[in-house]
Visitor: 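One structure, as structure tokens, below. Some questions next.
Side chains are part of it too, since the values below use all heavy atoms of this structure and drop only hydrogens, waters and symmetry mates.
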Amino acid sequence: MPEIWLRYGTTDVVLDIKYENLLTQISSNMQSLSDEEIKLTLSNVALTDNTLLVALSGSKSVATVVRLLAESASVKGFKDTTVDVLPDLYEALRNNLIDSSVLLNRLEYKSLWERIKKFESTIFLCRTGYDPLFGFSGTPTILLRNFMPEPMLDAFTARNDDLPHGGVRTQPLKIAYSAMEKVSVRSIEVVANSAGIASYGGITEAFEDAIAHLTSGTQIELEKCKSAIISPSSEIEGQSTLTATLNSLWNSYPIVKENGSIILLAESLNGIGPGAIKMFVEGRLKLEELQGNSFYANGLEHLLYMNELRQKYDLGILSTLPEYFLKTKLGFKTYKNMAEALEKLFTKHGKSHKVLVVSDADINLLKPK
């Protein structure tokens, strides 16, 4: 029996599955770079004694870049580097900078543009990944989601349907690029699960370069299967809330046949997460209101995707969240542990059924052959 450990929030859980029931296990194969290699890629980053770094991700990779840039500024004799971070990512970035003396400030959502005017130069720092609405996630999409409500609503309205489209250049992405034409700030995009390739330049330029690196190393083609068990990577920001963890589901579902079963590991230590899903389970947002395009709240697209996909798949979840939220409100099948989840899979698909196991699902994008 293979020993397979899957990430479940702040810990790992073992999957006791026989060899004959394991289709295959997919995990990230992106190679991490050393500090020296990352420094080389950052050697052309223009720092001054009045530079603002704005972290749009709390990932380990972005934390590494923040630390190395702060060290570089110190070597050049500049005063303490100012680092702002989105409030909901503050703890994640702080934890990933545990051995660093870098000082972080919680960035107020309404103050970014005024804040930038106070500095000689500003650099956005972001981790590139997949996004079910835009196709890809990075500085342009994070800025739109957090600081540009009108173009964000335009992007949401411009979607072609109510299905996830990770890895696809969508109309919403074009709108994000158009909005970036008014933002004359440099950015650094990082591609990896811990420390990896960094792209530096204008916002769209750096993002495009990062997308090329991302797609070359994280898109995996497989034959479609009947079931999959999915878990995110160890990155805190990718699995601390249900809203964040759902991206792992959208990255993986295309590999499962219709009427198949998908089980998501989503401890969700920090709860559902702010935004539309929380509003929905608390009764402040009704399903019929989702059909219009009059407003946008963070994560609204997830509700649309769940509504569409649970008609075609058995969507299951292993989580610490209340069953009432998950089962009654969101329509997931809930499981107490991995043993129960496997038992239900074999009951539906047969004792000889083979299960696909996906680790690092927030990093990889699965595509059917």
Visitor: Is any NZ, NE, NH1 or NH2 atom of the basic residue among D154 and K174 found under 4.0 Å from an Asp or Glu carboxylate oxygen of the other?
Guide: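 No salt bridge links D154 with K174.
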Visitor: Closest approach of Y200 and E205, non-hydrogen atoms and distance?
Guide: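 Where Y200 meets E205 most closely, the heavy atoms are O-OE2, 4.4 Å.
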Visitor: Could you check whether S319 and Y335, counting side-chain N and O atoms only, form a donor-acceptor pair closer than 3.5 Å?
Guide: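 Result is no, nothing qualifies.
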Visitor: If the threshold is 4.0 Å, N to carboxylate O, is there a salt bridge linking E340 and K336?
Guide: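 Salt bridge flag = no for K336 with E340.
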Visitor: Would you say the side chains of S261 and H349 form a donor-acceptor pair under 3.5 Å?
Guide: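 A pair is found: one side chain offers a donor N or O, the other an acceptor, under 3.5 Å apart.
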Visitor: Determine yes or no for a side-chain-to-main-chain donor-acceptor pair under 3.5 angstrom, with S252 supplying the side chain and L249 the backbone.
Guide: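 A pair under 3.5 Å: no.
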Visitor: If you define the side chain from C-beta out and look only at heavy atoms, does anything of L321 sit under 4.5 Å from L242?
Guide: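 Counting from C-beta outward, L321 and L242 do come under 4.5 Å.
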Visitor: Taking 4.0 angstrom as the limit, do R169 and E208 come out as a salt bridge?
Guide: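 Result for this pair is yes, salt bridge flagged.
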Visitor: Indicate the atoms forming the closest heavy-atom contact of A276 with L285, along with that distance.
Guide: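 In this case the closest contact between A276 and L285 is O-CD2, 3.9 Å.
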Visitor: If we ignore angles and hydrogens, is there a donor and acceptor under 3.5 Å between the side chains of S59 and S61?
Guide: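 S61 and S59 do have a side-chain donor-acceptor pair below 3.5 Å.
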Visitor: Do S233 and D362 have side-chain N/O donor and acceptor atoms under 3.5 Å apart?
Guide: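 Yes.
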Visitor: Could you tell me whether the side chain of E223 and the main chain of P368 form a donor-acceptor pair under 3.5 Å?
Guide: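 Here the side-chain-to-backbone pair does not exist.
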Visitor: Compute whether any side-chain donor of one residue and acceptor of the other, for S234 and K60, lie under 3.5 angstrom apart.
Guide: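 K60 and S234 do have a side-chain donor-acceptor pair below 3.5 Å.
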Visitor: Would you tell me whether T48 and T51 have side-chain atoms, one donor and one acceptor, within less than 3.5 Å of each other?
Guide: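 Yes, T51 and T48 have a side-chain donor paired with an acceptor closer than 3.5 Å.
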Visitor: A cation-pi test, strictly: NZ or CZ of R186 under 6.0 Å from the centre of the six-membered ring of F124 and no more than 45 degrees from its axis. Yes or no?
Guide: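 Not flagged: R186 not positioned over aromatic ring of F124.
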Visitor: Please determine, by modelled atom types, if S199 and E189 share a side-chain donor-acceptor pair under 3.5 angstrom.
Guide: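 Their side chains do not contain a donor-acceptor pair, so the 3.5 Å distance test is not met.
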Visitor: Checking Q25 against S359: is there a side-chain donor and acceptor pair closer than 3.5 Å?
Guide: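 Side-chain D/A pair, S359 to Q25: present.
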Visitor: Check step by step if side chain to side chain contact (heavy atoms under 4.5 Å, CB included) holds for I229 and M338.
Guide: CA-CA 10 Å; I229 295 175; M338 288 306 306; 3.8 Å; yes
Visitor: Kindly say whether I26 contributes a backbone atom to a donor-acceptor pair with the side chain of N364 at under 3.5 angstrom?
Guide: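 The answer is no, because no donor-acceptor pair under 3.5 Å joins these two groups.
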Visitor: Would you say that more than 12 heavy atoms from the other residues, nucleotides or ligands in this model lie under 6.0 Å from the CD of E150, or not?
Guide: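 Check fails, neighbour count at 12 or below.
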Visitor: Parallel, tilted or perpendicular, judged at 30° and 60°: which one describes the rings of W250 and H302?
Guide: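 Parallel.
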Visitor: With a 4.0 Å cut-off on N to O distance, would you call E91 and R94 a salt bridge?
Guide: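 A salt bridge is absent here (no side-chain N lies under 4.0 Å from a carboxylate O).
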Visitor: Please verify the inter-ring angle class for Y296 with F156; under 30° counts as parallel, over 60° as perpendicular, anything in between as tilted.
Guide: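 Rings of Y296 and F156: tilted, as their planes differ by 30° to 60°.
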